[in-house]
Amino acid sequence: MTRDQAREKVIFALDTGEFAHVQYWAETLADKVGMFKVGKQLFTACGPAAVRMIQKIGGEVFLDLKFHDIPNTVAMASVEAARMGVKLFNLHALGGYEMMATTVEALDREFKGEKRAKVLAVTILTSSTEETLRDVGIEHAVPEMVVKLAILAKKAGIDGVVASPREIPLIREACGNDFLIVTPGVRPSFAALNDQKRVMTPVEAVQAGSDYLVIGRPIGDAPDPAAAAELILDEIVAG
Ligand code: C5P
């Protein structure tokens, strides 16, 4: 894999509420990573201005707001997300088939075959366990639910899923090679685990078939974030 291909795969998680950090990260990392993930913390604090700042510097955005609401509300919010010009955004597959299909239809109506944001579904959050699922009335094993929801998302026209790297083989088998798989829970060999429990290295995740790797603290907390991002690209290219 070339360095450019490796860079395209890395999504830096902008886990901050400070606009000044966004500017710093975007400037420091724009030519080192393929995308910046804007999540609920940053979007709640700074709104679309954070997205525009990244785009102004030439960065691509994954808007990680995990929509989950009635179909019409999610569809309309999704059209607004796509109008911002983000490359990826997401919703919860647990919102159901109609919520996902209505969203895809609304996007297709709005963009009419033009290039538009890709939509990802979150299946089961990696913080969930069999026990937490049982508490909310779901009596199935986590991997079974992950595959069930990935298949449902694909059927609704969703472009891919966010998943643990461990779930890649099951999802690939069920949904094929064209379905995007975006994986957090990635730790380069030089980095601390932080609160992540079941991790893979970037090379392992790419070899397992991950299309994009979401990496936050191993880059953001490093004394030299640009150098840490370069090290990750070295690892992927070498692997
Ligand atoms: O710092 P770290 O690399 O652990 O950041 C991972 C990012 O991916 C964070 O923004 C986290 O919220 C997100 N994420 C995750 N696990 C999931 C879904 C999202 O770590 N299952």
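Indexing begins at 1, ligand by ligand and atom by atom, following the structure's order. Nothing fancy with the numbering, it's 1 onward along the sequence. Side-chain atoms are counted along with the backbone in the values below, which use heavy atoms only and exclude waters and symmetry mates.
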Subject >> Verdict with supporting geometry, Arg7 and Asp31, salt bridge (Lys or Arg N to Asp or Glu O under 4.0 Å) >> reply: CA-CA 8 Å; Arg7 180 173 31 239; Asp31 60 347; over 6 Å; no

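By the neighbour-count criterion of 12 heavy atoms within 6.0 Å, atom CG of Asp178 is sparsely surrounded, having that number or fewer from other residues, nucleotides or ligands. A 6.0 Å sphere centred on NZ of Lys32 holds more than 12 heavy atoms belonging to other residues, nucleotides or ligands.
Applying the 4.0 Å criterion to heavy atoms of Arg217 picks out, from ligand 1, the atoms 1 (O), 2 (P), 3 (O), 4 (O). For ligand 1, the atoms closer than 4.0 angstrom to any heavy atom of Pro184 are 8 (O), 14 (N), 15 (C), 16 (N), 17 (C), 18 (C), 19 (C), 20 (O). Which parts of ligand 1 touch Ala13 is read off a 4.0 Å heavy-atom cut-off, strictly below it: atoms 7 (C), 10 (O). Close contacts between ligand 1 and Pro218 involve ligand atoms 3 (O) [criterion: under 4.0 Å to a heavy atom]. For ligand 1, the atoms lying closer than 4.0 Å to a non-hydrogen atom of Val214 are 7 (C), 8 (O). The ligand atoms of ligand 1 that sit less than 4.0 angstrom from a heavy atom of Ile215 are 3 (O).
Annotation: Lys37 places an N or O atom under 3.5 Å from an N or O atom of ligand 1; distance criterion only. At a 3.5 angstrom cut-off on N or O pairs, Gln196 counts as close to ligand 1. Looking at ligand 1, you'll find an N or O of Gly216 within less than 3.5 Å of one of its N or O atoms. The shortest N/O to N/O separation between Thr126 and ligand 1 falls below 3.5 Å. The shortest N/O to N/O separation between Arg187 and ligand 1 falls below 3.5 Å.
The pair Asp108-Arg116 meets the salt-bridge criterion, with a side-chain N (NZ, NE, NH1 or NH2) lying under 4.0 Å from an Asp/Glu carboxylate O. Contact check on Arg172 versus Glu167 returns no salt bridge, with no Lys/Arg side-chain nitrogen under 4.0 Å from an Asp/Glu carboxylate oxygen.
Relative ring orientation between Phe67 and Phe89 is described as tilted, the plane-to-plane angle lying within the 30° to 60° band.
Residue-ligand proximity: Asp15 is placed with a non-hydrogen atom under 4.0 Å from ligand 1.
With 3.5 Å as the limit, one finds a donor-acceptor pair spanning the side chains of Ser189 and Glu235.
Residues Val33 and Val10 approach most closely at CB-O, 3.6 Å, considering heavy atoms.
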